[in-house]
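Here the structure is laid out as structure tokens; the discussion comes afterwards.
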Amino acid sequence: MRSSWADLAANSAAENAASGSFANNGGAGTASAPTRAAYVPPHLRNRPTSSDPPAPVNSVPSGNDGAGYGGSRWGGPKYDYNRSGYGGGGRGGGWGSRSGGWDRGREREVNPFGDNDDTEQAPNEQDNTGINFDAYEDIPVETSGDNVPPPVNTFAEIDLGEALNQNIRRCKYVKPTPVQRHAIPISLAGRDLMACAQTGSGKTAAFCFPIISGIMKGEGAQRPPRGARTVYPFALILSPTRELSIQIHEEARKFSYQTGVRVVVAYGGAPINQQLRDLERGVDILVATPGRLVDLLERARVSLQMIRYLALDEADRMLDMGFEPQIRKIVEQMDMPPQGVRQTMLFSATFPKEIQRLASDFLSHYVFLAVGRVGSSTDLIVQRVEFVLESDKRSHLMDLLHAQRANGAQGKQALTLVFVETKKGADSLENWLYMNGFPATTIHGDRTQQEREQALRSFKSGNTPILVATDVAARGLDIPHVAHVVNFDIPNDIDDYVHRIGRTGRAGKTGLATAFFNENNVSLAKALADLMQESNQEVPAWLSRYAARSSYGGRNRRSGGGRFGGRDFRRDSSFNRGGSDYYGGGGGSSTGGYGASGGYSGGYGPGVTSAWD
DNA sequence: AAAAAAT
């Protein structure tokens, strides 16, 4: 399914000749003309010629450059989610047919679908019609917050705009996944959001659609200040690894094809010059890793003044010890509009309570949404734990690989992703596998960016069906056809385990996860046993014994009930009591506790436990 | 203790 996208995009780049109708918008004549001449906000781009009704530009104090937002968010009261027409009702007027590419486009927008614009092409066998929606039935959903917008059941119910709808069809998304059903209306209503949902369940689309749609509508779009070579994106999407940023960029490009919305990616390890050129051609949505973004900000090549949407993917990772200072710098110490002015969306499959607490610094009056894990907590992923001494790990792995090779599906060996703890360990295991005749490659932070991307490509294509990885590959990467995840070294954090095994069993498909457990892992025994139990997995008796023996969950949080990475910490009394807390203070502007007022839908009310506790 | 992320 998705794997083909990237390849198709690459292949089509060359042969992408005369399909679009958008060759000559702005002054197409002089190829070398400066590209910055006239700024045209996204919602005014691609106007065919005339009679397109004007996009609804809401009342926003314009004029004064700089932080030109009024008091509240651009475009009207935040809680007036009727204006977005999410709930059936108002197909908010008139931005009908958009065609064509970019106003600045002397270049042609590469068709990321590689399908010659033929929306009605025959369904591609390995495209994504294979989503097993039955696997998403009866998934527990928890929302909390004031006035939570109700979910939708179809894309048609939402006024995303024709161009975006067409891309949804091109992606062969038939109906929204659970996280999309809930998150999109919340986001379209302008609300901040903290969402727990397994990657592979359509998280990226859940935050991309509202962003793209919002930028197209162009509410409050204003002319950015004319800084030398500074660009002013409307949306910023941050992710913890370069490869994940690349992947998000690829997806976002598909969703925004021919919408006039431009998506650019920036990450380290790659030459910055190409990225600077991409930025100069215009950027509405910037996808980035933190380090490179800080670099761009310090060079004043990017300004965050115009940011209306901030999305953190793998948000708990972004806010943990390693990343938090950088994120704070970007979000709080540069020129980004404050929370309450911008719209902030945090997504992850796991959300430890301490991190939720941290995250509330970035949010305003947010909705908490938890959608039960699609793969890792259900029967979709069969989890096995085997007791394997360090000295036996390699030969044991070889046994597994032999067995799997024998079972090879469709003539090809199924993909196996092997996680190890260290970069050295990755190299050494890869080398050993290679010496023993197994086609393996490796991805970790000591490899060059080229090598990393090459390894991932080679793995995805099946060329090298074994990938040895550190945690760089643990989160978010969508690699179809991973049949088996091996935790050669068990991670020290149960959340990492959850993310790792989530590389299989995606989009409702089944998968297998095997972990090599030994005396070095006792600290994780309890958390692991608990997780497996919750996921209806068979817990070996010996593991239960380790679990009982281990001193209460090791240093791992996630204690107390309510797993599934999903429960609003605002409901946890232990976080609410005790003084100057988040919750108690009365009128903390960024709080707005979930149960404060009546008339909220979809929640349970204060003190009431949710369905899955 | 390790991994990731800017040069």
Side-chain angles (χ1 to χ4, degrees), chain A residues 199 236-249 264-276 278-279 286-302 304 312-331 333-334 348 350 352 355 390 417-430 442-453 455-456 467-477 487-500 503 516 518-524 554-556:
Chain A
T199 32
L236 175 62
I237 301 173
L238 293 174
S239 96
T241 66
R242 297 162 182 173
E243 287 75 17
L244 185 51
S245 280
I246 293 169
Q247 175 182 301
I248 294 167
H249 172 245
V264 173
V265 66
Y267 54 90
I272 201 171
N273 283 333
Q274 180 58 45
Q275 292 172 10
L276 289 174
D278 289 344
L279 288 168
L286 177 58
V287 184
T289 48
R292 178 54 61 88
L293 176 62
V294 168
D295 189 5
L296 292 167
L297 291 169
E298 285 172 349
R299 297 181 190 215
R301 298 301 294 260
V302 172
L304 302 178
L312 301 192
D313 202 2
E314 309 297 343
D316 58 333
R317 181 77 183 77
M318 303 301 281
L319 295 173
D320 80 7
M321 287 200 322
F323 271 119
E324 193 207 339
Q326 270 181 305
I327 300 302
R328 279 200 189 275
K329 176 168 188 174
I330 292 166
V331 177
Q333 286 155 38
M334 305 305 286
S348 182
T350 53
I355 306 274
E390 289 297 327
L417 182 49
V418 182
F419 282 105
V420 298
E421 202 55 27
T422 66
K423 295 177 280 198
K424 277 186 150 179
D427 278 336
S428 127
L429 181 57
E430 180 224 13
T442 182
I443 184 168
H444 60 69
D446 274 354
R447 305 201 78 192
T448 67
Q449 191 53 30
Q450 267 197 327
E451 290 170 330
R452 286 166 57 160
E453 290 175 36
L456 199 52
L467 180 64
V468 182
T470 61
D471 271 329
V472 70
R475 284 174 175 259
L477 296 185
N487 275 296
F488 189 89
D489 300 320
I490 289 182
N492 296 312
D493 185 325
I494 190 66
D495 287 342
D496 291 337
Y497 174 86
V498 168
H499 285 275
R500 286 180 177 187
R503 297 316 98 211
F516 294 175
N518 62 37
E519 297 280 354
N520 296 329
N521 310 116
V522 285
S523 67
L524 205 75
R555 44 148 113 243
N556 280 289

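Within every chain, numbering begins at 1; the chains are lettered A, B, ... in the order of the sequence lines, protein sequences first and strands thereafter. Quick caveat: nothing in here was measured; it's all calculated off a predicted structure.
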Rounded distance in Å - [atom1] ([X]) to [atom2] ([N]):
X         : N      : atom1 : atom2 : result
Leu319(A) : dA5(B) : CG    : P     : 17 Å
Asp493(A) : dA3(B) : CG    : C1'   : 12 Å
Glu324(A) : dA3(B) : CD    : P     : 22 Å
Leu296(A) : dT7(B) : CG    : C1'   : 12 Å
His444(A) : dA2(B) : NE2   : P     : 15 Å
Phe419(A) : dA3(B) : CZ    : C1'   : 12 Å
Asp446(A) : dA3(B) : CG    : C1'   : 10 Å
Leu524(A) : dA2(B) : CG    : P     : 17 Å

Tell me whether the OP1 or OP2 atom of [N] has a side-chain N or O from [X] closer than 4.0 Å.
X         : N      : value
Lys423(A) : dA4(B) : yes
Arg475(A) : dA4(B) : no
Thr470(A) : dA2(B) : no

Excluding sequence neighbours, so at least two apart, what forms ring pair (Phe, Tyr, Trp, His ring centres under 6.0 Å) with Phe488(A)?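 Once residues adjacent in sequence are excluded, the partners of Phe488(A) under the ring pair (Phe, Tyr, Trp, His ring centres under 6.0 Å) criterion are Phe516(A).
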Quick one: label [X] by what it contacts on the DNA or RNA (base, sugar-phosphate, nothing), any heavy atom closer than 4.0 Å.
X         : result
Arg452(A) : sugar-phosphate
Gly322(A) : base
Asp471(A) : nothing

Side-chain touch Ile443(A)/Val472(A), heavy atoms, less than 4.5 angstrom: yes
Inspect the contact between Glu421(A) and Arg500(A) and indicate whether a charged nitrogen and a carboxylate oxygen are less than 4.0 angstrom apart.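 A salt bridge is present here (some side-chain N lies under 4.0 Å from a carboxylate O).
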Considering only NZ, NE, NH1 and NH2 on the basic side and carboxylate oxygens on the acidic side, decide whether Asp427(A) and Lys424(A) come within less than 4.0 Å.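 Result for this pair is no, no salt bridge flagged.
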Looking at dA4(B), dA3(B), dA6(B), which one has an atom nearest to any side-chain atom of Thr422(A)? dA3(B)
Nearest to the Arg317(A) side chain among dA6(B), dA5(B), dA3(B), which nucleotide is it?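 Shortest atom-to-atom distance from the side chain points to dA3(B).
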Answer with yes or no whether the side chains of Gln449(A) and Arg242(A) bring together a donor and an acceptor at under 3.5 Å. yes
